[in-house]
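Here the structure is laid out as structure tokens; the discussion comes afterwards.
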Amino acid sequence: MRYLRLRLRSSILVGLTITTFFSLTTLCIFLRSANELERPNRFVRSKPGLPEISRHQSLRKNSNRIDELYRLVRENRIHQANLDHLLWNLKKFRRETLQVNRSDTNTPMETGDSGDLNKQPMKLPINLTTTSKNFNQHDKMRLRQFVLHVLTKWKIEHQNDTSISLADIMHESLAQDNPERLNTTWYQQMKTVTNSRVYDPNSVEFRSLLNHLQNGSISEASELSQGTQIKLILQLPDGFQALLKPYRVPRNYQTLPDHFYFSDIERHHAEIAAFHLDKVLGFNRVPPLIGRLLNVTSDIRDKATEELASTFFISPANNTCFRGHCSYYCDTSHAICGKPGNRLEGSVQLLLPRPPEVDWQKITHPYRRSYSAVRKAEWETNENYCYEHVMIDEDYHNRLLLDMMDLCAFDFLTGNLDRHHMMRISSFGINTALVHLDNGRSFGRHDIDDLSILAPIRQCCFFRYSTFMRLYNLYQKGLSKLLFASLNDGEILPKILIEEHLVAVDRRLKILFAQIDKCFQTYTVKEVMIDDGIE
Ligand SMILES: *[C@@H]1O[C@H](CO)[C@@H](O)[C@H](O)[C@H]1NC(C)=O
Ligand SMILES: *[C@@H]1O[C@H](CO)[C@@H](O)[C@H](O)[C@H]1NC(C)=O
Ligand SMILES: *[C@@H]1O[C@H](CO)[C@@H](O)[C@H](O)[C@H]1NC(C)=O
Ligand SMILES: *[C@@H]1O[C@H](CO)[C@@H](O)[C@H](O)[C@H]1NC(C)=O
Ligand SMILES: *[C@@H]1O[C@H](CO)[C@@H](O)[C@H](O)[C@H]1NC(C)=O
Ligand SMILES: *[C@@H]1O[C@H](CO)[C@@H](O)[C@H](O)[C@H]1NC(C)=O
Ligand SMILES: CC(=O)N[C@H]1CO[C@H](CO)[C@@H](O)[C@@H]1O
């Protein structure tokens with residue numbers, strides 16, 4: 001008996017010791033990782049005396065290069081650029097390079113030159129068409145310094161910006177015209193759509209929205225007129241609107257080798273996968289989206305507008321089908337059909353308010369493809385394209401430049417070649433993130449990593465500090481593992497991404513790091529990695 005008690009006591013003691021040990025270890029690991037990702041005060045000066053890395057710094061043997069990159073980025077983070085130095089450079093740059101070739105002498109530049117730099121947003125008084133060909137290596141380096149300077153300045157100017165939500169934007173007009181809408185769950189949701197992200201993944205509103213999108217009864221289905229392929233607008237309870245992209249091709253569909261990106265069919269599972277990847281990457285810039293099972297007859301045909309209803313028919317296999325109206329794949333041979341019978345799956349995405357309630361800015365992507373079978377876009381043949389068309393363009397002298405690099409990284413991971421425009425909510429002003437809309441043509445090939453998608457990062461060699469830090473963290477934890485886990489959390493549609501695509505995502509992340517590494521070799525870490533204060 002006594003022996004038994006003793007044994008019991010000692011095993012409890014051993015158990016306690018082990019538990020304590022593990023908790024301590026976990027705590028230590030947690031503290032360490034928290035510390036690594038912690039963002040110290042924004043404008044603490046970087047440690048003095050840290051040497052800028054040399055262009056071709058030799059690698060330490062046997063160390064993982066990606067870990068090395070992480071170390072370099074951390075050590076070379078610029079907390080506060082030396083503005084005096086940059087200002088001097090900038091003035092010289094203007095005098096020697098830009099003014100000589102200025103054709104329009106009446107730009108705001110003339111007045112801005114008299115030391116008024118801190119008030120006016122800086123403008124480059126340059127005629128893009130006439131001077132673009134004259135950039136030499138020296139000018140390029142100075143233009144890079146200039147961009148670094150403007151973004152540092154932008155960070156200082158916007159460091160105190162408070163977050164604005166769509167609810168803030170719409171409150172006044174709603175209070176006047178539809179006061180009852182202020183009491184809806186839709187309005188609560190709009191409070192989580194801010195200038196930096198279109199949803200809050202940790203909010204109750206997000207969970208409830210997904211339930212709405214997946215289970216909410218549909219009161220009307222109409223066609224979205226814009227776009228080349230069929231999409232439906234669904235009216236859901238509480239004034240929610242959603243965009244439905246129906247099932248078209250199975251999960252293992254690979255973009256046909258002879259099809260151009262612009263005739264590639266849109267895939268609902270690609271939309272779902274892209275949403276999850278964007279969420280895992282911590283961007284939260286794809287409007288919430290979820291897979292849904294629909295009854296073609298009761299959910300769509302019975303609720304369809306007259307125009308849409310007129311395209312319904314019963315197929316020889318007795319499935320209910322519809323064609324819709326659009327410029328691609330809207331004929332009887334590409335109809336959307338229940339399979340079997342009435343069962344249809346699709347992706348359902350929150351439709352954010354559009355004009356006149358909320359204004360959007362549609363920006364033609366400077367790295368847009370030619371959308372032609374015979375022509376090439378200029379960026380495909382001109383490696384100076386970023387200097388000549390992007391860095392010199394004052395539209396990019398704000399967060400947009402790095403938002404575009406974020407989007408580029410995202411598109412490379414998903415293999416999306418179809419990014420012809422960038423969209424952002426301009427009602428928020430200039431400090432507004434891109435909204436990562438329209439990912440139906442991503443995840444088209446898992447066997448190809450299309451390096452041309454990386455052209456913006458390759459040619460501009462700029463990257464956002466906070467994005468790099470998140471990517472490194474995900475790399476360590478296993479990006480595909482996290483993506484897989486996310487896809488299995490709340491999705492009712494099975495196996496959205498086949499194994500090959502998950503493997504491809506991890507592979508592409510390494511290629512992205514290699515590209516950033518190349519930029520570090522060409523320039524310096526401090527000239528590539530920018531902390532613009534955006535998380
Ligand atoms: C730039 O120069 C070209 C050719 O000289 C001219 O046609 C164009 O109007 C100029 N653009 C501006 C904005 O001055
Ligand atoms: C931001 O806030 C800090 C501290 O309150 C202040 O010193 C600084 O001038 C503000 N910056 C701007 C651009 O308003
Ligand atoms: C919103 O709800 C609150 C309490 O539920 C009510 O007092 C208020 O009148 C409602 N406002 C509108 C505009 O319906
Ligand atoms: C939709 O309804 C089903 C059944 O009630 C539930 O299990 C599921 O969680 C709901 N979807 C979401 C996203 O909440
Ligand atoms: C789909 O809707 C039709 C018409 O309301 C109904 O007859 C059918 O049973 C439904 N199918 C399923 C699987 O619920
Ligand atoms: C479709 O339904 C009709 C009438 O209900 C039936 O005669 C026909 O055999 C069905 N066709 C198939 C392929 O099941
Ligand atoms: C400083 C500079 O790049 N100046 C250029 C302006 O444009 C002329 C031709 O248009 C070039 O010859 C100059 O070198």
Side-chain angles (χ1 to χ4, degrees), residues 39-45 79-81 83 116-122 149-164 185-186 188-189 192 195 199-218 234 236-238 240 242-244 268-269 271-273 275-276 279 286-299 301 312-321 332 335 337-351 397-399 429-431 485-494 496 531-535:
R39 302 177 57 84
N41 280 342
R42 286 182 175 190
F43 292 106
V44 183
R45 277 196 178 272
H79 296 294
Q80 180 156 30
L83 289 180
D116 204 20
L117 286 169
N118 294 323
K119 283 192 190 142
Q120 291 293 319
M122 260 177 278
H149 166 77
V150 215
L151 290 186
T152 310
K153 205 160 145 292
W154 193 89
K155 173 180 172 177
I156 295 168
E157 282 167 1
H158 292 269
Q159 61 177 318
N160 298 341
D161 283 7
T162 47
S163 171
I164 328 167
T185 50
W186 171 82
Q188 292 306 312
Q189 182 63 44
T192 70
N195 56 319
Y199 62 96
D200 173 359
N202 302 313
S203 64
V204 285
E205 285 85 2
F206 175 62
R207 286 281 148 199
S208 115
L209 171 64
L210 291 183
N211 188 18
H212 248 73
L213 296 174
Q214 193 167 74
N215 297 315
S217 68
I218 295 162
L234 307 178
L236 297 172
D238 296 329
F240 280 101
L243 193 65
L244 168 73
H268 76 302
H269 62 267
E271 288 280 3
I272 299 171
F275 167 72
H276 284 270
K279 178 155 75 73
V286 176
L289 183 151
I290 197 164
R292 174 167 179 161
L293 277 173
L294 300 123
N295 180 329
V296 189
T297 306
S298 62
D299 286 333
R301 196 186 69 186
F312 272 80
F313 60 95
I314 302 287
S315 75
N318 282 346
N319 294 323
T320 308
C321 304
T332 312
C337 293
K339 255 181 229 131
N342 279 313
R343 186 183 181 278
L344 177 71
E345 52 176 67
S347 65
V348 181
Q349 180 171 41
L350 173 68
L351 202 55
H397 295 165
N398 55 65
R399 64 173 291 167
I430 190 78
N431 189 356
S486 180
L487 283 166
N488 284 303
D489 176 22
E491 279 299 337
I492 48 163
L493 303 186
I496 291 297
D531 178 2
D532 65 349
I534 306 289
E535 296 296 317

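Counting starts at 1 for both ligands and their atoms, in listed order. It should be emphasised that the depicted structure is a prediction, and the values quoted were computed from it without experimental measurement.
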Kindly indicate whether atom 14 (O) of ligand 6 is approached by any protein heavy atom to under 4.0 angstrom.
yes
Donor + acceptor pair across side chains of Glu491, His276 (<3.5 Å):
yes
Subset of ligand 2 atoms that lie under 4.0 Å from at least one heavy atom of Ile156
13 (C)
Less than 4.0 Å from atom 7 (O) of ligand 6, is there any heavy atom belonging to the protein?
no
Return the orientation label for the Phe275 and Tyr199 ring planes: parallel under 30°, perpendicular over 60°, tilted otherwise.
tilted
Suppose we measure from atom 10 (C) of ligand 4 to each protein heavy atom; which comes out shortest, and what is that distance?
Asn215 ND2, 2.5 Å
Nearest non-hydrogen contact to atom 1 (C) of ligand 6 from the set Ile314, Asn318, Asn319 belongs to Asn318
Using modelled atom types only, decide if a donor and an acceptor are shared between the side chain of Glu345 and the backbone of Gly291 within a distance under 3.5 Å.
no
Criterion side chain to side chain contact (heavy atoms under 4.5 Å, CB included) on Thr185 and His212, from CA distance to verdict
CA-CA 10 Å; Thr185 50; His212 248 73; 4.2 Å; yes
Would you say atom 4 (C) of ligand 6 has a protein heavy atom nearer than 4.0 Å?
no
Taking Asn195 for its side chain and Ile164 for its backbone only, find out whether a donor-acceptor pair lies under 3.5 Å.
yes
Suppose I only count heavy atoms of Pro316 and a 4.0 Å limit; which atoms of ligand 6 are within that range?
13 (C)
Identify, for atom 11 (N) of ligand 4, the protein heavy atom at the shortest distance, and state residue, atom and that distance.
Gln214 OE1, 2.8 Å
Counting only nitrogen or oxygen atoms and a 3.5 angstrom limit, does Asn160 reach ligand 2?
yes
Keeping Gln159 on the side-chain end and Ile156 on the backbone end, is there a donor-acceptor pair under 3.5 Å?
yes
To the nearest 0.5 angstrom, please state how far the NE2 atom of His269 sits from the CG atom of Leu487.
11.0 Å
